[in-house]
**Student:** 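After the structure tokens below, expect a handful of questions from me.
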Amino acid sequence: MDTQNIQNQGNQSAHPTFLKDQNEKTLRPNLAWLADGGEIADFIRVKDWSTSPLGPIENWSQSLRTTINLCLASNFPINIIWGPEAIQIYNSGYKVLCGNLNLDAIGESFHVTWESAWPVVGESFERARLGKTSFLENQRMFLFRNGFLEETFFTFSLSPIRDEEGMVVGVFNPATETTTAVLNQRRTRLLRDISVEAANSDGVSTAVQRIAHTLEDYKFDIPGALILLENESGNLEIAAKSGDINAFVDLTKWPIDDALETCQPYFIHDLISHFGELSGSEYQEPAQRACLLPIKQRGRKRPIGLIAATLSTRLPFNETYMAFFDLLNSTVNAAIANAEANESTQAERTEFQTDIFDLQEKNQTQDQKEKFLIESKFQAEAATRSKSAFLANMSHEIRTPLAAILGFTEILKSPRLSVKEHSKYLNIISRNGHALVRIIDDILDLSKIEADKIQLEQSPLCLTELIQDVLSMFSDRAKGKGLALNFESNDLPQFKVESDAVRIRQILINLFGNAIKFTSEGSISIGGNYKKIENELYQISLRITDTGIGITSDQAATLFQAFTQADNTTTRHYGGTGLGLALSKKLAKAMGGDIQIEKSISGHGTTFLVQLIVKKSLDRSDVSTAPVLQVNATQEKQLQGWHILVVDDLEDNRVLIRLLLERQGAVVHEASNGKEGIRIAQANNYDVVLMDIQMPDLDGYEALVKLRRANYKKPIFALTAHTMKEERDRALAAGFTGHIAKPINPDVLVQTLVAHARRLN
């Protein structure tokens, strides 16, 4: 917020003297509506408004007076923005909210006061002046307050104010600052990510690399970091780097010895005196402060290394920021200790933990113990907040399509619906059901990647065919919006490569889906190239370019975080969970590559760069990029004459599967539990048994074992909502003929059974 002009103006003229006597009511009786308005009302009452765009206060309209009166009476921070010149009048809560604005900012233009944040608030403000309300939640913006340009977060709305004739004459702007909450959430995620990424490392060297990699995603709190470790000669050398830190690699200029002696976070307040005005920030200002964090090792009093981290120039250096570095130091050292322990046997690890406990008991003072307990409490609270935030986000994203499903299901119960309405509401239920499945699949994939349990398959694929297949999936949507889909394949490999076709397809679907969603006219294009790295390894570079709304640099900073959109109005305008890009980036990294925003111009489009590492395939056969099941439309009943047993403890599931199979001509029998399923299967000659995995008393695995031991040789397919690859592999290894995922896809169900029958024939 640009308060310099405001403060300068305040210095140029004496502050008006407030009129407190009773004579004012006699002299200006029509200002009684300002009674009990406090300091702000007193200022408005005595200010000379005759030269302002609002004109003399006696001539103000009733709508303006009423709005101001409501504003001043509220304890909630509110700003009233009036007329074509956007003159603002705010209450005391808003004054404090914005860094204790000088009162002379009352009567100034909203454009002037919010100049530094205009790239964020400008569009929403203009929308409000056109009669449309905008709501921005936890919106990141930079305000000039407290003497510097500060990173802040606000939740506020901008809604039109109409006069007696219904014309928009102003904007109503209630606001609340959420900076503390958002920063706490962001820093909690950093601590959690370091714990997850580094703690599972198999040594200190790997751990520090993972710590540096994690810090790359949190440059707003730690713009740059050098991780120094002791070499064989006992000297510190650079082991890893993150962010914009190259200007600070001269270790002789860091007060390393002082930091090593303290064994505590060591803050440097005059970084410029050590290095001069050098970069080391996400912003234009040179880095001014840094912190040296000691890396400790068991059995060593002197740290084995340091993390030299620069501090953000747009965050206040206060106790909260300092406490964050204390927690970061504790988290890093805990992760390093776990990484060291992973190199040892379980017995050595236990002995190490016992030694550490004994050492702490002997050497720590009472103050140190109390500090350790406080830090542990902070970490536990941070982990709880992180878990709560994730569950809240996940609950919201799941409940949104679920609400549509349940709501329209109730509507369908009405006997008065037309055929057209019936079809429309069924489509809505189907669409939201599929959206719900995608959300759950994305959440599971993210959790697997973060737990380092993602399994990538390596099979031959033709990259150009795979891309063509993805493009065909979006052709109808693109055509419906009048968008052109372009594919330039000449510079991509014309030979087959080995990689995970399903995951590459998943990445491209997410990127193309976003491109079409955020593009209203023009085109979406994909092209790329490749280069040989070594032996048979190649780096594939794919560029997906759209002519859509574009992404600002501020929005790009959080774009790849889970449950995050470019801004918080995006979900309302376009829908989506914000999981797709986060998942795609993690998948690309798992395949040795990455996803970045190569270029973006707000209002003119974006280019995403996808890089993957693949291996040249020796397979020269005509290999499909991925299996695609399609029901043969020319054959009405593909299961005519089949006898099928469905074993499931939930009646609704049995009814659904029976209806799907009977439509294809099958004769279907049911069993409500595993024991009944065994008895009925052995007493009848079924072509196929569909067996639910999770059932009370006797589950699907146990029922399978008993049937196979009884020499039951008919095909038995597993029915389960567990769709991860390891679950499918487990089912096949246990002896199931195949695996069919819930919720049931009718085409996949029928075609899986038909395909198995064909293999037998």
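Throughout, numbering of the chain's residues begins at 1 and tracks the sequence.
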**Student:** Check whether any side-chain heavy atom of Ile526 lies under 4.5 Å from a side-chain heavy atom of Ile544, and answer yes or no.
**Tutor:** yes

**Student:** Is a side-chain N or O of Ser423 found less than 3.5 angstrom from the main chain of Lys420, in a donor-acceptor match?
**Tutor:** no

**Student:** Do the side chains of Ser499 and Leu612 get nearer than 4.5 Å, heavy atoms only?
**Tutor:** no

**Student:** Can you confirm whether more than 12 heavy atoms, excluding those of Lys424, are under 6.0 Å from its NZ atom?
**Tutor:** no

**Student:** Between Lys517 and Arg477, what is the shortest heavy-atom contact and its length?
**Tutor:** N-NH2, 4.3 Å

**Student:** Calculate, to the nearest 0.5 Å, the distance between atoms OG1 and CD1 belonging to Thr331 and Ile194 respectively.
**Tutor:** 6.5 Å

**Student:** If you define the side chain from C-beta out and look only at heavy atoms, does anything of His422 sit under 4.5 Å from Leu412?
**Tutor:** yes

**Student:** Run Asp500 and Leu587 through side-chain contact (heavy atoms from CB on, under 4.5 Å) and show every step you take.
**Tutor:** CA-CA 10 Å; Asp500 193 321; Leu587 287 174; over 6 Å; no

**Student:** Do other residues, nucleotides or ligands put more than 12 heavy atoms under 6.0 Å from Lys706 NZ?
**Tutor:** no

**Student:** Short question: side chain of Glu662, backbone of Leu659 - any donor-acceptor pair under 3.5 Å?
**Tutor:** no

**Student:** If you take all heavy atoms of Asp648 and Met695, which pair is closest and at what distance?
**Tutor:** CA-SD, 4.1 Å

**Student:** Looking at Ala671 and Ile680, what are the two nearest heavy atoms and their distance?
**Tutor:** CB-CD1, 4.0 Å

**Student:** Ring of Tyr701, cation from Arg730 - is the NZ or CZ under 6.0 Å from the centre and inside 45° of the axis?
**Tutor:** yes

**Student:** Testing the basics here: between Thr464 and Pro493, what is the closest heavy-atom pair and its distance to 0.1 Å?
**Tutor:** CG2-O, 4.2 Å

**Student:** Which residue in the set Ile657, Leu639, Val646 passes side-chain contact (heavy atoms from CB on, under 4.5 Å) when paired with Val668?
**Tutor:** Val646

**Student:** Can you give me the closest heavy-atom contact between Phe736 and Phe717, atom names plus distance?
**Tutor:** CD2-C, 3.9 Å

**Student:** Please lay out, stage by stage, how Arg708 and Ile716 fare under the test side-chain contact (heavy atoms from CB on, under 4.5 Å).
**Tutor:** CA-CA 10 Å; Arg708 294 305 188 207; Ile716 305 176; 3.8 Å; yes

**Student:** Say whether, by atom type as modelled, one donor and one acceptor occur between the side chain of Gln611 and the main chain of Gly593 under 3.5 angstrom.
**Tutor:** no

**Student:** Would Leu542 and Leu508 satisfy side-chain contact (heavy atoms from CB on, under 4.5 Å), going step by step from the backbone distance to the final call?
**Tutor:** CA-CA 10 Å; Leu542 299 174; Leu508 293 178; 4.1 Å; yes

**Student:** Show the numbers, then the answer: is there a side-chain contact (heavy atoms from CB on, under 4.5 Å) between Val470 and Ile509?
**Tutor:** CA-CA 7 Å; Val470 173; Ile509 287 174; 4.2 Å; yes

**Student:** Measure the CG-CG distance between Leu471 and Leu466 for me, rounded to the nearest 0.5 Å.
**Tutor:** 10.0 Å

**Student:** Report the distance from atom CG of Asp692 to atom CG of Leu719, rounding to the nearest 0.5 Å.
**Tutor:** 6.0 Å

**Student:** How far does CD of Glu651 sit from CZ of Arg658, to the nearest 0.5 angstrom?
**Tutor:** 8.5 Å

**Student:** Find out whether Leu581 and Leu511 are in side-chain contact, i.e. whether some heavy atom of one side chain is under 4.5 Å from a heavy atom of the other.
**Tutor:** yes

**Student:** Could you tell me whether the side chain of Ile211 reaches within less than 4.5 Å of the side chain of Ile336, counting heavy atoms only?
**Tutor:** yes

**Student:** Out of Leu707, Ile678, Leu704, which residue meets the side-chain contact (heavy atoms from CB on, under 4.5 Å) rule with Met691?
**Tutor:** Leu707

**Student:** Does the side chain of His756 come within less than 4.5 Å of Val688's, by heavy atoms?
**Tutor:** no

**Student:** Rounded to the nearest 0.5 Å, what's the gap from NZ on Lys615 to CD on Gln458? Could you check?
**Tutor:** 8.5 Å

**Student:** Is it the case that Ser584 and Asn510 place a side-chain donor and acceptor less than 3.5 Å from each other?
**Tutor:** yes

**Student:** Quick one: are Arg189 and Asp217 in side-chain contact, heavy atoms under 4.5 Å?
**Tutor:** no

**Student:** What's the spacing between Ser195 OG and Leu190 CG if we round to 0.5 Å?
**Tutor:** 9.0 Å

**Student:** Do Lys616 and Val497 have side chains that get closer than 4.5 Å, going by heavy atoms?
**Tutor:** no

**Student:** Lys714 and side chain to side chain donor-acceptor pair (under 3.5 Å): which single residue from Asn684, Asp687, Asn685 fits?
**Tutor:** Asn685

**Student:** What's the shortest heavy-atom distance between Ala681 and Tyr712, and which atoms?
**Tutor:** O-CE1, 3.3 Å

